[in-house]
Novice: 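One structure coming up, written as structure tokens, with questions to follow.
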Amino acid sequence: MSGILPDTPLPAAKNTEKYKSRRRIAREFVLQGIYQWRTAGGTTNFIEQQLRESEEFRHVDEKHFTHVLQGTLQQVDELEKIIQPCLDRPLDELSPVEFAILLLSTFELIHHPEIPYRAILNEAIELARTFGGSDGHKYVNGVLDKLAAQLRSIEIQMQKATKNRV
């Protein structure tokens, strides 16, 4: 990446061999954008433009990428207020990767009801396993379980009711 901001790449992915959907790749780029915003600053438009310059960007679900990146960065304060009560420490003590994953996943839980909450949680866990610290995925999973119970309670209740009928 070039430009005014210093390069702030995410830690290298640990396993990139398996197939990734266009939406998964979009989430990886959103993660990178939030990570860059958190560590180096910059405007949403500048960060988005930098990310679009990547050769790999051609594999992205562009509509999802733009909506989630812009929406998340526009609503950081609101998202932080929703996330903080589910944490055991202040948000600013989280790693930038965990912070970014929690922001983008919380945004998706709120603004993308068409995506099952379990899919959002699984994607977040995979991002944390790939880019985060050794146990970051466990922490992300625990926090998102609490958030899903609050933000998707009806969906969770319906899923439990369906299981009980089977």
Novice: Between Lys81 and Glu78, is there a salt bridge with N-O shorter than 4.0 Å?
Specialist: no

Novice: Could you state whether Leu79 and Tyr139 fall into the same hydrophobic cluster, counting links through intermediate Ile, Leu, Val, Met, Phe, Trp or Tyr residues with side-chain heavy atoms under 4.5 angstrom apart?
Specialist: yes

Novice: Does Ile115 share a hydrophobic cluster with Met158, counting links as ILVMFWY side-chain heavy atoms below 4.5 Å and allowing steps through other members?
Specialist: no

Novice: Scan side-chain atoms only and decide if Glu108 and Tyr117 contain a donor-acceptor pair under the 3.5 Å cut-off.
Specialist: no

Novice: Let me confirm one number: the CG-CD distance from Leu91 to Gln84, rounded to the nearest 0.5 Å.
Specialist: 4.5 Å

Novice: According to a 4.5 Å side-chain heavy-atom criterion applied to Ile, Leu, Val, Met, Phe, Trp and Tyr, with indirect links allowed, do Ile101 and Tyr35 form part of one hydrophobic cluster?
Specialist: yes

Novice: Restricting to non-hydrogen atoms, name the atom on Gly41 and the atom on Ile47 that form the minimum distance, rounded to 0.1 Å.
Specialist: O-CD1, 3.9 Å

Novice: Where is the tightest heavy-atom contact between Leu31 and Ala100, given as atom of each residue plus distance?
Specialist: CD1-CB, 3.3 Å

Novice: For side chain to side chain contact (heavy atoms under 4.5 Å, CB included), just list the numbers for Leu102 and Leu87, CA-CA rounded to whole Å, side-chain angles, deciding distance to a tenth of an Å, and then say yes or no.
Specialist: CA-CA 11 Å; Leu102 290 174; Leu87 301 178; 4.1 Å; yes

Novice: With the side chain counted from C-beta on, respond yes when Glu98 and Phe131 share a heavy-atom pair under 4.5 Å apart, and no when they do not.
Specialist: no

Novice: Would you find a donor on one side and an acceptor on the other, under 3.5 Å apart, between the side chain of Arg152 and the backbone of Leu109?
Specialist: yes

Novice: Ignoring hydrogens and angles, state whether a donor on the side chain of His112 or His67 is under 3.5 Å from an acceptor on the partner side chain.
Specialist: yes

Novice: Could you check if a side-chain atom of Glu80 sits within less than 4.5 angstrom of a side-chain atom of Val76, using non-hydrogen atoms only?
Specialist: yes

Novice: Using a distance-only test with no angle check, is there a side-chain donor-acceptor pair under 3.5 angstrom linking His111 and Gln75?
Specialist: yes

Novice: May I ask you to check if Arg38 and Phe99 form a cation-pi contact, with NZ or CZ under 6.0 angstrom from the six-membered ring centre and within 45° of the axis?
Specialist: yes

Novice: Hey, does Glu62 have a side-chain heavy atom less than 4.5 Å from the side chain of Arg22?
Specialist: no

Novice: Atom CD1 in Ile83, atom CZ in Phe107: separation rounded to 0.5 Å?
Specialist: 12.0 Å

Novice: Under 3.5 Å, is there a donor-acceptor pair linking the side chains of Thr66 and Arg52?
Specialist: yes

Novice: Can you tell me how far the CG atom of Leu151 sits from the CD1 atom of Ile110, to the nearest 0.5 Å?
Specialist: 5.0 Å

Novice: Supply the atom-to-atom distance Leu73 CG to Glu48 CD, rounded to the nearest 0.5 angstrom.
Specialist: 9.5 Å

Novice: So, do Ser105 and Glu123 sit near enough that their side-chain heavy atoms are less than 4.5 Å apart?
Specialist: no

Novice: Compare every heavy atom of Leu121 with every heavy atom of Ala148, then report the nearest pair and how far apart it is.
Specialist: CB-CD1, 4.2 Å

Novice: Under 3.5 Å, is there a donor-acceptor pair between the side chain of Asp135 and the main chain of Lys138?
Specialist: no

Novice: So Phe57 and Glu53, do their side chains get closer than 4.5 Å, heavy atoms only?
Specialist: no

Novice: Please test Thr44 against Trp37 for side chain to side chain contact (heavy atoms under 4.5 Å, CB included), starting from the C-alpha separation and ending with a verdict.
Specialist: CA-CA 8 Å; Thr44 304; Trp37 173 83; 5.6 Å; no

Novice: For Ala124 and Val140, work out which heavy atoms get closest and say how close.
Specialist: CB-CG1, 4.0 Å

Novice: With rounding to the nearest 0.5 Å, note down the distance linking CG in Leu147 to OG1 in Thr106.
Specialist: 4.5 Å

Novice: Of all heavy-atom pairs between Asn45 and Gln70, which one has the smallest distance, and what is that distance?
Specialist: OD1-NE2, 4.0 Å

Novice: Give the C-alpha distance, both sets of side-chain angles, the deciding distance and a yes or no for side chain to side chain contact (heavy atoms under 4.5 Å, CB included) between Val30 and Leu51.
Specialist: CA-CA 9 Å; Val30 171; Leu51 293 170; over 6 Å; no

Novice: What is the distance from atom CZ of Phe29 to atom CG of Leu104, rounded to the nearest 0.5 Å?
Specialist: 14.0 Å

Novice: For Phe65, is the NZ or CZ atom of Arg27 found under 6.0 angstrom from the centre of its six-membered ring and inside 45 degrees of the ring axis?
Specialist: no

Novice: His137 vs Thr130, test: side chain to side chain contact (heavy atoms under 4.5 Å, CB included). Steps then yes/no.
Specialist: CA-CA 9 Å; His137 67 282; Thr130 303; over 6 Å; no

